[in-house]
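Every heavy atom of this structure was used, including side-chain atoms; hydrogens, water molecules and symmetry mates were not.
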Amino acid sequence: MRKRGVRPVIAALAALFFAAPALAADAGHGKALFAACLACHTEQSDAQGPSLKSVAGRKAASLEDFRYSNAMKRAEFIWDEANLRDYLRDPQAKVKGNHMPFSGFADASDADDVVAYLRTYK
């Protein structure tokens, strides 16, 4: 009988471990948390924050009809899951000097849930 290596098993377990937060995220809970964000992030032209519809995959500070802070204009990244998660956990650490009056989610799973919801918010 041929012995199989341990490496494939370890690799598979590692993949499951690192994917677990994404799999465990609750978009329904994220939608409920996101309701508070709608106070600033609306479709109206005088909104305090930019629209977050279709934000996942969008370049930071890229909406033509919103006046972004200089700090956000200098941000050179795409709003992928990792960047959204980092920003939602600590906006000032991710983009120093941004104007969003939100200190971040203390519970990392709340940020994960909002990211899961934002992926569907179109």
Side-chain angles (χ1 to χ4, degrees):
M1 190 189 286
R2 192 171 172 200
K3 253 185 154 178
R4 293 186 183 219
V6 176
R7 285 186 180 169
V9 173
I10 291 173
L13 290 173
L16 285 173
F17 175 77
F18 288 111
L23 295 174
D26 180 351
H29 182 240
K31 182 178 183 179
L33 293 169
F34 183 75
C37 306
L38 290 172
C40 297
H41 294 279
T42 68
E43 297 297 307
Q44 297 176 352
S45 60
D46 63 344
Q48 285 186 315
S51 170
L52 297 179
K53 281 191 173 182
S54 300
V55 69
R58 186 167 72 205
K59 183 181 183 310
S62 64
L63 290 180
E64 296 291 326
D65 61 345
F66 188 78
R67 213 171 121 211
Y68 293 94
S69 67
N70 288 332
M72 193 58 77
K73 288 178 189 177
R74 287 189 299 270
E76 290 291 326
F77 57 81
I78 301 294
W79 288 115
D80 60 16
E81 288 187 38
N83 286 321
L84 284 167
R85 190 174 299 108
D86 290 347
Y87 191 78
L88 290 172
R89 288 181 182 166
D90 191 346
Q92 289 300 321
K94 181 67 179 170
V95 180
K96 290 180 186 2
N98 78 74
H99 291 164
M100 189 168 80
F102 173 67
S103 60
F105 287 106
D107 185 338
S109 67
D110 286 346
D112 293 340
D113 292 349
V114 173
V115 169
Y117 172 67
L118 287 173
R119 290 180 48 221
T120 69
Y121 187 57
K122 303 203 185 293

Output all residues satisfying side chain to side chain donor-acceptor pair (under 3.5 Å) with Asp90, sequence neighbours left out; order by chain, then residue number. none
Could you tell me which residues satisfy ring-ring contact (aromatic ring centres under 6.0 Å, His included) with Tyr121, sequence neighbours excluded, listed by chain and number? Phe34, Tyr117
Contacts of Asn70 meeting side chain to side chain contact (heavy atoms under 4.5 Å, CB included) (sequence neighbours excluded), chain-then-number -> Lys73, Arg74
State the CG-NE2 distance between Asp110 and His29, to the nearest 0.5 angstrom. 5.0 Å
Would a 4.5 Å heavy-atom cut-off, applied to side chains only, mark Asp112 and Arg89 as touching? yes
Asp113 (side chain) donor-acceptor with Asp26 (main chain) under 3.5 angstrom: yes
Residues in ring-ring contact (aromatic ring centres under 6.0 Å, His included) contact with Phe105, at least two apart in sequence or another chain: Phe102
Restricting to side chain to side chain donor-acceptor pair (under 3.5 Å), what partner residues turn up for Asn83, sequence neighbours left out? Asp80, Lys94
How would you list all residue pairs meeting ring pair (Phe, Tyr, Trp, His ring centres under 6.0 Å) that involve residues 80-101, not counting sequence neighbours? Trp79-Tyr87
Sequence-distant partners of Ala75, side chain to side chain contact (heavy atoms under 4.5 Å, CB included), two or more places apart: Ala60, Met72, Phe77, Val95
Other members of the hydrophobic cluster containing Ile78, with the 4.5 Å side-chain heavy-atom rule, please. none
If you round to the nearest 0.5 Å, how far is NZ of Lys53 from OG1 of Thr42? 10.0 Å
Rounded distance (nearest 0.5 Å) linking atom CG of Leu38 with atom NZ of Lys31: 10.0 Å
Partner set under side chain to side chain contact (heavy atoms under 4.5 Å, CB included) for Ser62, not counting sequence neighbours: Arg58, Lys59
Glu43: side chain to side chain donor-acceptor pair (under 3.5 Å) partners, not counting sequence neighbours: Ser51
Sorted by chain and number, sequence neighbours left out, side chain to side chain donor-acceptor pair (under 3.5 Å) with Ser54 holds for none
Would you say the side chain of Tyr68 lies within less than 4.5 Å of the side chain of Leu63, judging by non-hydrogen atoms? yes
